[in-house]
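As structure tokens, the structure follows; a few thoughts come after it.
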4 protein chains.
Amino acid sequence: MSQRQSKSEEAGSRESERRHTILRAAIDVFARKGYHGCRIADVAREAGVAYGLVYHYFKNKDELLETVAATGWSGFVTRLRAVAEDETSSIEQKVHGIAEVAFEAYRVDPRAVKVLILEIARSPSGGHVVTRQQAFLDTIRMAADMFARAQAAGQLREELDPMLCASLLVGSIEMGLTAFVSGLMEDRSPEALERARTQISESFLRGVLPNAALQETSWKQDKTSSGTRPKAGKRA
Amino acid sequence: MSQRQSKSEEAGSRESERRHTILRAAIDVFARKGYHGCRIADVAREAGVAYGLVYHYFKNKDELLETVAATGWSGFVTRLRAVAEDETSSIEQKVHGIAEVAFEAYRVDPRAVKVLILEIARSPSGGHVVTRQQAFLDTIRMAADMFARAQAAGQLREELDPMLCASLLVGSIEMGLTAFVSGLMEDRSPEALERARTQISESFLRGVLPNAALQETSWKQDKTSSGTRPKAGKRA
Amino acid sequence: MSQRQSKSEEAGSRESERRHTILRAAIDVFARKGYHGCRIADVAREAGVAYGLVYHYFKNKDELLETVAATGWSGFVTRLRAVAEDETSSIEQKVHGIAEVAFEAYRVDPRAVKVLILEIARSPSGGHVVTRQQAFLDTIRMAADMFARAQAAGQLREELDPMLCASLLVGSIEMGLTAFVSGLMEDRSPEALERARTQISESFLRGVLPNAALQETSWKQDKTSSGTRPKAGKRA
Amino acid sequence: MSQRQSKSEEAGSRESERRHTILRAAIDVFARKGYHGCRIADVAREAGVAYGLVYHYFKNKDELLETVAATGWSGFVTRLRAVAEDETSSIEQKVHGIAEVAFEAYRVDPRAVKVLILEIARSPSGGHVVTRQQAFLDTIRMAADMFARAQAAGQLREELDPMLCASLLVGSIEMGLTAFVSGLMEDRSPEALERARTQISESFLRGVLPNAALQETSWKQDKTSSGTRPKAGKRA
DNA sequence: TATGAATGAGCCTTCATTCAT
DNA sequence: CATGAATGAAGGCTCATTCAT
């Protein structure tokens, strides 16, 4: 019967809807109270559903938060990977692209980023929560591979350790965003964000590119346009 | 980070001895199980003292952990401040000094550093635990001041935001150490640590110093002795 | 114990079919997991029906289990009563008949008997579940009446308490079956069952019949054969 | 210091006292509400202690109830074993002794016996609660061994199955006690108990002993004095 | 009828904190 | 000072029951 069909259609979307509502609520509470401060009751209330329904969609608290992490992380990682593994672009473009992905994520959903940065990335290392730490470390490893390839191609100073480069890039971006997340940076306007993003990637690149590359590149002079203050004659 | 000064000062007193034992135990458990996984019972067992004794020396769990943080942090901050506010040294020396302080702390007591980095710095922001976050942010602000002064003196590219510079330095060092703490870096020998420290400060400086300063400095060529591979003629 | 009379009567109706499916499933789960371990969800899954359907046919869990008990019990009790109140047969015949009814029930549906014996007969006495206990006790009372009548007729040693006789008979049969249900008896072949049944009723009768009655009977000497009744003209 | 000594002494008895209080309370609640109806909160309230204290002495609910079972059972089983394995006594004495142990236990602590009979012996067979069932079955096996030895010595009719004999004895005693526990027997005076005990063992023995043994024994005629009604000339 | 999503009370368990000795 | 028994609030999870479709 057509009724059945509509029912299943409804049910499908309905289910996803509910599940998604709960997930969103979990992200919010997670962001607000942190991993351990996040009570199922809070999530349920935030989502406007009954307590038990959470357990209808998620086996237990851990799976819920794991899903929050995975969901938030996965899209992010996918985009990062696309940038890092795009073999048509230079290392400079990739670094810029990575920073852009991170900052864009923050622009779109600062709350989720806060969760990712403050909770997931650095969550209690003890126990079965390995997945989270792992996700974060995997990201660094991916970047390390990227740098290793760049180094092989002479695009990275050869005395640098690719893994460490990756850590530094990630650490810079993360702490840069933390500066916003934590309120260290007072001006959180899109322009300020843009400026920060540029400073981060340019400073980083300056630090790790071979001198030859620095000379060749024009961004030292004019890329500044896209954010940092016009400091013409900076080097001349 | 792990101080022994207070210990040496009060080593004679029984009370301090016990107190210190508990504090050490707390750091260990804290490092092993994380903030929320750390139960008073664990600390007591680790310290080999009775359950209730912890409450003789610390008002409650929070104060205990606050003390762990404060103790570990204070000496560290003191030394950082000494470096950052020493007006006789250049910004390069300061940056190198800061990295050195951090890495030395890690060399002396990796466990404590792990706690500081993974738990205290990023502990649950929600609630009364502000102190910890604050401690971390204060450190960044201190570094920001340092950079601001350097910028005023023309030692830092003027288009850079000092606060962001501070964040990047701290983020780089922190993630660099995290790479060791988390096992990302397989070689944890003193030499590897030394090499990493050098790469971090040199890359950072390269990224933020004015071009003029880069040309003048000799470390680009020969500082490499202290860690990075001899890349003579790299730029010539 | 497991009735098929109601089934055959209403076999045509869809409703009854479903209802019966659920009832059977309940007996199975009940037998497998016990009273409290039996969840409605389990019953539904076992029956292959939707969760809520159980509530169409049974008001609640308790009614379901009550029905399981009643259904299983009622036919059993009916048959027992027929035996116990048949005034044309001797007490020996009645005792043999009772054991036969019980063992036949076990032969037909051991699972249901297990439920009846292990769960219903001894289910939590506390609360509204009185019905079950009651059913069991009523059976004993019925047997006690039987023995009282026999005693009045001189067929039972006069110093015996009829109620206690009833308890002993029921206890013997029940524990005898338990020995099979629980796996104490390794050989569960029809022959072994038959032998056990005979041993139970004959031992019991030996214990409670007047000596005179014992002398008359031949089974004391030759019944030893194997267990089954070659006791033609047993008493006549 | 002597203070320490007295302290530890106190502590020892104090601990046992509390633990015992909780155990007693558990038995009571267990007896009143059954295995699954027994909530920790009830036990704590009954014992007059705080909720959490129960967990100080018992790992969890299961261990508590397991201990209840073990404790109640162990003394009982020990005494039964002493009787069943005393090779200086005849099978008649042993059967009488077993019934006596059971009835004495009931006289001393009817509540505990109720628990043992109604809950432990027949508790939900599903799951990790095997121990209980096992304890009960072990008792039957012990009795079966006893009967097997008696049979080998010609003290038991040779056509009987020892295991079944054991089941019948245990079943008779159990249901006999159940008759009292459940209220089926209205007169619960010590004399009534005594009478019941005698009827049970004598009827049972009559049922299983060889005819020769029956003739030899005098108890058929005069043992009746110890409980059953004076039925002189019963057989003559 | 039939389905299974939704609800929420109930219960076990943990653990920070207090207190008597 | 030291001990560890005692307390009880908090929170995760289960599962009987209801309800909209």
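Throughout, protein chains are lettered first and strands after them, A, B, ... in sequence-line order, and every chain is numbered starting at 1. Just the heavy atoms: all of them, side chains too, but no hydrogens, waters or symmetry mates, feed the values below.
With rounding to whole Å, D:R19 atom CZ is found 16 Å from F:dA6 atom C1'. One atom, NZ of A:K33, and another, C1' of F:dG11, lie 12 Å apart when rounded to the nearest Å. The distance between atom CD1 of C:I22 and atom C1' of E:dT3, rounded to the nearest whole Å, is 13 Å. For the pair D:F58 CZ and E:dT14 C1', the interatomic distance rounds to 18 Å; values are reported in whole Å.
For D:Y51, the side-chain contact (heavy atoms from CB on, under 4.5 Å) criterion is met by D:I40, D:A41, D:Y55, not counting sequence neighbours. For the side-chain contact (heavy atoms from CB on, under 4.5 Å) test, residues two or more places apart in sequence or in another chain that qualify with C:A25 are C:V43, C:E46, C:A47.
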Please lay out, stage by stage, how C:I27 and C:T71 fare under the test side-chain contact (heavy atoms from CB on, under 4.5 Å). CA-CA 10 Å; C:I27 289 180; C:T71 306; over 6 Å; no
Is there a side-chain contact (heavy atoms from CB on, under 4.5 Å) between B:T21 and B:R24? Walk through the geometry before answering. CA-CA 5 Å; B:T21 303; B:R24 277 305 316 174; 5.9 Å; no
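Here F:dT3 is the nucleotide among E:dT7, F:dA5, F:dT3 with the atom lying nearest to any side-chain atom of B:A50.
The two residues A:L53 and A:I22 have their closest heavy-atom pair at O-CD1, 4.2 Å. Considering every non-hydrogen atom in both B:Y57 and B:R18, the closest pair reads OH-CB, 3.5 Å.
Paired regions of DNA chain F, where each region holds three or more successive Watson-Crick or G-U pairs whose two hydrogen-bonding distances fall under 3.5 Å, are E:2-21 with F:2-21.
Proximity of B:L65 to B:F58: side-chain heavy atoms (C-beta onward) are nowhere separated by under 4.5 Å. Between A:R19 and A:T67 the shortest side-chain heavy-atom distance falls below 4.5 Å.
A donor-acceptor pair under 3.5 Å is formed between the side chain of C:K61 and the backbone N or O of C:C38.
The phosphate of F:dC1 (OP1 or OP2) has no side-chain N or O of B:R18 nearer than 4.0 angstrom. Dashed line: the shortest gap from a side-chain N or O of A:H56 to OP1 or OP2 of E:dA6 is not under 4.0 Å.
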Nucleotide N/O of nucleotides 15-18 of chain F paired with protein N/O under 3.5 Å:
residue, atom, partner, partner atom, Å
F:dC15, OP2, C:R39, NH1, 3.1
F:dA16, OP1, C:K61, NZ, 3.2
F:dA16, OP2, C:I40, N, 3.1
F:dT17, OP2, C:Y55, OH, 3.1
F:dT17, OP2, C:K61, N, 2.9

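Between C:L53 and A:V54, it is C:L53 whose nearest contact on DNA chain E lies nearer the 5' terminus.
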